[in-house]
Colleague: 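This structure is in structure tokens; I'll ask about it shortly.
Only a predicted model underlies this, so the values are computations on that prediction, with no experimental measurement involved.
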Amino acid sequence: MAVPATAVPISSNVQFDAALIRKMSQQGPRYTSYPTADRFTDSFGMGDYLQAVNSVRAMGARNPLSLYLHIPFCDKLCYYCACNKIITKVRSKADEYLTYLKREIEIQGKLFADMNTVEQLHFGGGTPTYISDAQMGDLLAHLRKWFRFATDDVGEYSIEIDPRTVSPERVHSLRAQGFNRISFGVQDFDEDVQKAVNRIQPEECTLGVMQAARDAGFRSISIDLIYGLPKQNLITMDKTLSKVIAANPDRLSIYNYAHMPALFKPQRRINEDELPSGETKLDMLSLCIRRLTEAGYVYIGMDHFAKPNDELAIAQRQGRLHRNFQGYSTHAEAEMVAMGVSAISSVGSTYSQNEKTLEGYYERLEQGELPICRGIKMNVDDLLRRIIIQMLMCNFELSIKSVELAYPITFANYFATELEKLRALEADGLLTIDQEWITVTPKGRLLIRNICMVFDRYLGMPREVKVERMHYSKTI
């Protein structure tokens with residue numbers, strides 16, 4: 001059944017080395033953006049965002065659009081959750097929120113009028129299906145009024161759902177409304193683990209909704225799991241993995257639970273005595289990778305797995321994979337316009353984040369403004385380091401020549417300090433370096449965050465202005 005976390009090859013493209021992981025594990029960014037969100041400042045405002053949009057228009061609006069909508073509401077509290085959410089059963093709050101969200105959609109739609117086609121849409125939260133079927137239909141109609149969408153066979157339109165809150169009929173309705181990818185939060189099938197995190201989700205409920213998604217014609221079905229939750233052990237994890245593999249999703253995400261109760265209040269309800277040890281967590285990670293790769297899944301990187309014929313795996317093989325605030329994506333060059341409370345956009349050479357509270361979000365929209373509260377305008381060095389981190393995170397290799405062709409630098413001179421640090425990682429077996437390539441080894445793929453941190457010039461630097469303090473999770 002379970003194997004100890006020793007240095008053994010798990011598949012052709014990833015290798016688990018427990019001793020190396022113990023040595024290298026440290027706190028660090030997940031690099032859903034670079035610079036990371038803790039470097040955003042409140043000196044960035046709506047004017048900076050408008051300038052970015054105008055720059056995109058002036059350059060011919062060559063890239064497609066990716067839209068993200070944040071629905072913050074949930075019916076119940078999951079103790080492990082670190083998302084920006086609002087727990088309420090008062091449905092009128094959703095009515096009010098959607099009124100303001102539609103105002104933001106209209107403002108953004110006017111800014112991007114006649115510029116780009118939307119090829120990617122993602123609904124996240126919270127629980128996006130907290131809003132009713134009728135509300136969802138009305139919201140999507142409003143989106144289509146202000147944005148031009150690619151056809152179903154071209155566009156990737158995804159939604160996160162809580163299987164406890166939707167019926168098979170609702171799943172069919174979501175497909176009819178235009179969604180073609182669906183993601184399920186599962187976390188763990190074990191009943192004791194579910195009770196410990198206040199998320200009771202019967203197996204038959206999840207499997208029934210998954211079957212409905214297949215019957216409805218969704219192109220991709222994804223499952224989220226978490227390891228490191230209270231009452232988890234190798235036996236429970238192995239049983240959950242067997243059920244997940246039998247359910248046969250197209251993609252999986254397996255996240256390391258980061259217990260930070262000082263930062264996330266819901267986690268204070270978790271009994272710390274029931275959390276698995278660090279060694280057990282390593283064993284569970286090893287088990288997850290081994291079981292999934294043996295079942296035919298490809299290790300994409302950073303917690304993600306996909307079937308070889310999934311678009312995510314194909315994009316990685318073709319060098320088209322991208323990473324953003326929703327994780328890995330097949331739409332590398334899309335301008336990402338994010339709407340809703342706390343949502344983060346990536347347009348041109350900027351990142352911008354919306355107000356994090358409903359009160360602040362509503363107030364800005366009442367004034368006829370986009371609810372942007374902070375962000376960052378990237379300089380040339382930021383853009384250079386961003387593309388390097390993207391290449392390493394997505395492709396596990398970096399062409400030095402391609403960087404020198406795109407930017408007026410000599411790589412060995414510009415990154416002399418970084419290369420010296422990389423040599424130490426090379427000695428540990430995480431990567432290889434020659435005149436033309438930096439290549440991450442199968443052993444180094446699990447520690448890709450450590451490698452990318454070498455190129456992050458902000459780490460350890462004092463902040464020039466007061467910004468939100470970021471608490472990073474461990475790299476593995």
Colleague: Using atom types as modelled and distance alone, determine if a side-chain donor or acceptor of Asp303 lies under 3.5 Å from a backbone N or O of Tyr255.
Modeller: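 Checked: no pair found.
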Colleague: For residues Tyr362 and Glu355, determine if any side-chain heavy atom of one lies less than 4.5 Å from a side-chain heavy atom of the other.
Modeller: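 In short, these two side chains do not touch, never coming nearer than 4.5 Å.
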Colleague: Taking Phe305 as the fixed residue, which of Tyr297, Tyr328, Tyr299 is the one that meets the ring-ring contact (aromatic ring centres under 6.0 Å, His included) rule?
Modeller: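 Of Tyr297, Tyr328, Tyr299, ring-ring contact (aromatic ring centres under 6.0 Å, His included) with Phe305 is met by Tyr299 alone.
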Colleague: Using atom types as modelled and distance alone, determine if a side-chain donor or acceptor of Ser286 lies under 3.5 Å from a backbone N or O of Leu282.
Modeller: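 No; zero donor-acceptor contacts below 3.5 Å.
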Colleague: Without swapping roles, check the side chain of Gln353 against the backbone of Ile344 for a donor-acceptor pair under 3.5 Å.
Modeller: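 Side chain of Gln353 to backbone of Ile344, a donor-acceptor pair under 3.5 Å: no, none is there.
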Colleague: With side chains defined as the heavy atoms from C-beta onward, is the minimum distance between Pro163 and Cys205 less than 4.5 Å?
Modeller: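 Of all side-chain heavy-atom pairs linking Cys205 with Pro163, at least one is under 4.5 Å.
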Colleague: For residues 179-188, which residue pairs qualify under side chain to side chain donor-acceptor pair (under 3.5 Å), counting only residues two or more places apart or in two chains?
Modeller: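 Output for this query lists Tyr80-Gln187, Asp152-Asn180, Glu156-Arg181, Arg181-Ser220, Arg181-Glu311, Asp188-Gln232, Asp188-Thr240.
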Colleague: Please give me the minimum heavy-atom distance between Phe123 and Leu139, naming the atom from each residue.
Modeller: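 In terms of heavy atoms, the two residues are closest at CE2-CD2, 3.6 Å.
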Colleague: Identify the heavy atoms of Arg323 and Gln390 that sit nearest to each other, and give their distance.
Modeller: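 That closest heavy-atom pairing would be O-NE2, 2.6 Å.
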Colleague: Is a donor on one side and an acceptor on the other found under 3.5 Å between the side chain of Glu119 and the backbone of Ala150?
Modeller: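 Checking the backbone N and O of Ala150 against the side chain of Glu119, no donor-acceptor pair under 3.5 Å is found.
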Colleague: Within the 4.5 Å heavy-atom criterion, are Ile226 and Asp224 side-chain neighbours or not?
Modeller: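 In short, these two side chains do not touch, never coming nearer than 4.5 Å.
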Colleague: Do the side-chain N and O atoms of Tyr458 and Asp38 include a donor-acceptor pair separated by under 3.5 angstrom?
Modeller: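 Checked: Tyr458/Asp38 side chains show no N/O donor-acceptor pair below 3.5 Å.
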Colleague: Quick one: does Gln201's side chain have a donor or acceptor within less than 3.5 Å of a partner on Arg164's backbone?
Modeller: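 Looks like no, no N/O pair under 3.5 Å.
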Colleague: What do the steps show when you test Asp250 against Arg219 for salt bridge (charged side-chain N to carboxylate O under 4.0 Å, His left out), and what is the final call?
Modeller: CA-CA 9 Å; Asp250 301 285; Arg219 285 214 306 266; over 6 Å; no
Colleague: Are Ile107 and Glu104 close enough that some pair of their side-chain heavy atoms sits under 4.5 Å apart?
Modeller: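 No, too far: nothing below the 4.5 Å cut-off.
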Colleague: With side chains defined as the heavy atoms from C-beta onward, is the minimum distance between Val53 and Glu335 less than 4.5 Å?
Modeller: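 SC-SC contact between Val53 and Glu335 ruled out.
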Colleague: Any carboxylate oxygen within less than 4.0 angstrom of a Lys/Arg side-chain nitrogen, looking at Glu106 and Lys110?
Modeller: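 Yes, charged N to carboxylate O under 4.0 Å.
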Colleague: Is Asp310 paired with Arg251 through a side-chain N to carboxylate O contact shorter than 4.0 Å?
Modeller: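 Yes.
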Colleague: Using the rule given for side-chain contact (heavy atoms from CB on, under 4.5 Å), can you reason through Val337 versus Val118, listing the C-alpha separation, both sets of side-chain angles and the distance that settles it, and then say yes or no?
Modeller: CA-CA 10 Å; Val337 181; Val118 175; over 6 Å; no
Colleague: Strictly by modelled atom types, are Ser242 and Arg291 linked by a side-chain donor-acceptor pair under 3.5 Å?
Modeller: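 Per modelled atom types, Ser242 and Arg291 side chains form a pair under 3.5 Å.
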Colleague: Would a distance-only check, ignoring hydrogens and angles, find a side-chain to backbone donor-acceptor pair under 3.5 Å from Ser345 to Ala338?
Modeller: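 Indeed, once roles are kept as given, a pair shorter than 3.5 Å links the two residues.
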Colleague: So do the side chains of Phe184 and Ile221 get within less than 4.5 Å of each other, counting heavy atoms only?
Modeller: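 Yes; the side chains approach each other to less than 4.5 Å.
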Colleague: Is there a side-chain contact between Ile372 and Asp48 in this structure, where contact means two heavy atoms from C-beta onward sitting under 4.5 Å apart?
Modeller: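 No. Closest side-chain heavy atoms not under 4.5 Å.
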Colleague: Hey, is the main chain of Val14 close enough, under 3.5 Å, to the side chain of Arg445 for a donor-acceptor pair?
Modeller: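 Not at all, since once roles are kept as given, no pair shorter than 3.5 Å links the two residues.
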Colleague: Can you tell me if Glu191 has over 12 outside heavy atoms packed within less than 6.0 Å of its CD?
Modeller: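 Atom CD in Glu191 is not crowded, with 12 or fewer foreign heavy atoms closer than 6.0 Å.
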Colleague: Within the 3.5 Å criterion, strictly below it, is a donor on Glu169 or Ser167 matched to an acceptor on the partner's side chain?
Modeller: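 Side chains of Glu169 and Ser167: pair found under 3.5 Å.
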Colleague: Under 3.5 Å, is there a donor-acceptor pair between the side chain of Arg320 and the main chain of Ile314?
Modeller: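 No, the answer is negative, given that no donor and acceptor are paired below the 3.5 Å cut-off.
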Colleague: Give a yes or no on whether Arg148 atom CZ has more than 12 heavy-atom contacts from other residues, nucleotides or ligands under 6.0 Å away.
Modeller: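 Count over threshold, so yes.
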Colleague: Under 3.5 Å, is there a donor on one side chain and an acceptor on the other for Ser173 and Asp133?
Modeller: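 Yes, a side-chain donor-acceptor pair sits under 3.5 Å.
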Colleague: Who are the ring pair (Phe, Tyr, Trp, His ring centres under 6.0 Å) partners of Tyr49, not counting sequence neighbours?
Modeller: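 Scan of Tyr49 (ring pair (Phe, Tyr, Trp, His ring centres under 6.0 Å), adjacent residues dropped) gives none.
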Colleague: In the structure I gave you, are the side-chain heavy atoms of Ile254 and Leu285 within less than 4.5 Å of one another anywhere?
Modeller: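 Of all side-chain heavy-atom pairs linking Leu285 with Ile254, none is under 4.5 Å.
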Colleague: Do side-chain atoms of His70 reach the backbone of Asn84 as a donor and acceptor pair under 3.5 angstrom?
Modeller: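 Between the backbone of Asn84 and the side chain of His70 there is a qualifying donor-acceptor contact (under 3.5 Å).
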Colleague: Backbone N or O of Phe218 within a donor-acceptor pair of the Arg214 side chain at under 3.5 Å?
Modeller: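 Such a contact is absent between Arg214 side chain and Phe218 backbone.
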Colleague: Taking the six-membered ring for Trp and the full ring for Phe, Tyr or His, determine whether the centres of Tyr361 and Tyr97 are under 6.0 Å apart.
Modeller: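 Ring-ring flag for Tyr361/Tyr97: true, centres closer than 6.0 Å.
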Colleague: Going by the rule ring pair (Phe, Tyr, Trp, His ring centres under 6.0 Å), which residues pair with Phe147 if we only count those two or more places apart in sequence or in a different chain?
Modeller: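 Partners of Phe147 under the ring pair (Phe, Tyr, Trp, His ring centres under 6.0 Å) test: none.
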Colleague: Under the criterion salt bridge (charged side-chain N to carboxylate O under 4.0 Å, His left out), which of Lys85, Arg199, Arg91 is the partner of Asp75?
Modeller: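 With Asp75 as partner, salt bridge (charged side-chain N to carboxylate O under 4.0 Å, His left out) holds for just one option, Arg91.
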Colleague: Taking the six-membered ring for Trp, are the ring centroids of Tyr130 and Phe73 within less than 6.0 Å of each other?
Modeller: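 Close enough - the centres of the two rings lie under 6.0 Å apart.
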Colleague: Determine whether the side chains of Asn256 and Lys281 contain a donor N or O and an acceptor N or O closer than 3.5 Å.
Modeller: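 Result is yes, a qualifying pair exists.
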Colleague: Ignoring hydrogens and geometry beyond distance, is a side-chain donor-acceptor pair present between Thr236 and Asp190 at under 3.5 Å?
Modeller: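 Not at all, the side chains of Thr236 and Asp190 share no donor-acceptor pair under 3.5 Å.
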